[in-house]
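See structure below.
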Amino acid sequence: MMAASEQASSSTRDAMVASKAAAAAVRQLDELIASEPAGVTSVEPLEDGWLVEVEVTEEHRIPSSSDLLALYEIELDREGDLTAFRRTKRYARGKPGTGDGRS
């Protein structure tokens with residue numbers, strides 16, 4: 001039987017950290033949408049998991065400064081499994097926050 005200090009140490013090691021949550025969110029979003037994840041914009045711990053925002057290139061255009069991007073929110077449980085995702089914004093590169101996610 002493990003001592004209490006060993007159990008606490010083990011659960012701390014096994015706990016999801018922000019970098020693992022971000023990687024899990026990108027990997028799982030990539031499996032669900034056809035667009036290309038460009039990068040993580042935020043990672044926030046929740047009471048029962050993680051909230052990760054990922055920027056996605058939805059349309060490549062010429063010039064690239066006119067690409068269409070989107071921001072997705074991904075909710076993960078404590079183990080890093082996806083529980084929900086939604087597109088919250090859609091915008092032209094260089095103009096974040098101008099879309100409402102319904103475009």
Side-chain angles (χ1 to χ4, degrees):
M1 182 171 224
M2 264 197 247
S5 63
E6 288 175 343
Q7 286 178 337
S9 175
S10 175
S11 66
T12 301
R13 270 195 316 270
D14 295 339
M16 177 77 54
V17 295
S19 60
K20 288 184 181 179
V26 169
R27 184 183 67 251
Q28 292 176 76
L29 182 64
D30 192 39
E31 293 174 3
L32 294 170
I33 63 173
S35 302
E36 166 187 339
V40 173
T41 61
S42 71
V43 179
E44 178 183 339
L46 300 173
E47 188 173 311
D48 58 348
W50 293 89
L51 178 64
V52 181
E53 287 188 323
V54 177
E55 190 172 59
V56 171
T57 305
E58 291 204 328
E59 281 185 45
H60 289 283
R61 294 184 174 172
I62 299 173
S64 62
S65 60
S66 61
D67 286 351
L68 266 180
L69 305 176
L71 193 62
Y72 283 81
E73 282 186 352
I74 297 97
E75 293 180 30
L76 304 174
D77 64 15
R78 289 184 179 143
E79 288 75 39
D81 294 321
L82 185 136
T83 58
F85 83 102
R86 68 193 62 78
R87 183 174 68 188
T88 58
K89 294 178 181 149
R90 194 167 190 218
Y91 49 92
R93 185 179 299 279
K95 298 179 184 177
T98 58
D100 64 3
R102 290 178 258 169
S103 301

Nearest non-hydrogen partners of [X] and [Y], listed with the distance:
| X | Y | answer |
| --- | --- | --- |
| Ala24 | Gly80 | CB-O, 3.8 Å |
| Val56 | Tyr72 | CG2-CD1, 3.6 Å |
| Pro37 | Ser35 | CD-O, 3.4 Å |
| Leu76 | Gln28 | CD2-NE2, 3.9 Å |
| Ala70 | Arg87 | CB-CD, 3.6 Å |
| Met16 | Glu79 | CE-O, 3.2 Å |

| task | Flag the pair Arg90 and Glu59 as a salt bridge only when some basic side-chain nitrogen lies within less than 4.0 angstrom of an acidic carboxylate oxygen. | result |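 Salt bridge present between Arg90 and Glu59.
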| said: To the closest 0.5 Å, what do you measure between CD (Glu73) and CG (Leu29)? | reply: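 Taking CD in Glu73 and CG in Leu29, the distance rounds to 12.0 Å.
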| If you round to the nearest 0.5 Å, how far is CD of Glu55 from CG of Leu71? |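 That separation rounds to 6.5 Å.
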With heavy-atom distances below 4.5 Å as the criterion, would you say the side chains of [X] and [Y] are in contact?
| X | Y | value |
| --- | --- | --- |
| Thr83 | Asp48 | no |
| Ile33 | Phe85 | yes |
| Glu53 | Glu44 | no |

| Transitive ILVMFWY side-chain link Leu46 to Val52, under 4.5 Å |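 No, separate clusters.
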| query | Going only through I, L, V, M, F, W and Y residues with side-chain contacts under 4.5 Å, is there a path from Val40 to Leu82? | reply |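 They do share one cluster, since a chain of ILVMFWY contacts under 4.5 Å joins Val40 to Leu82.
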| Step-by-step side chain to side chain contact (heavy atoms under 4.5 Å, CB included) determination, Leu69 to Lys89 | CA-CA 8 Å; Leu69 305 176; Lys89 294 178 181 149; over 6 Å; no
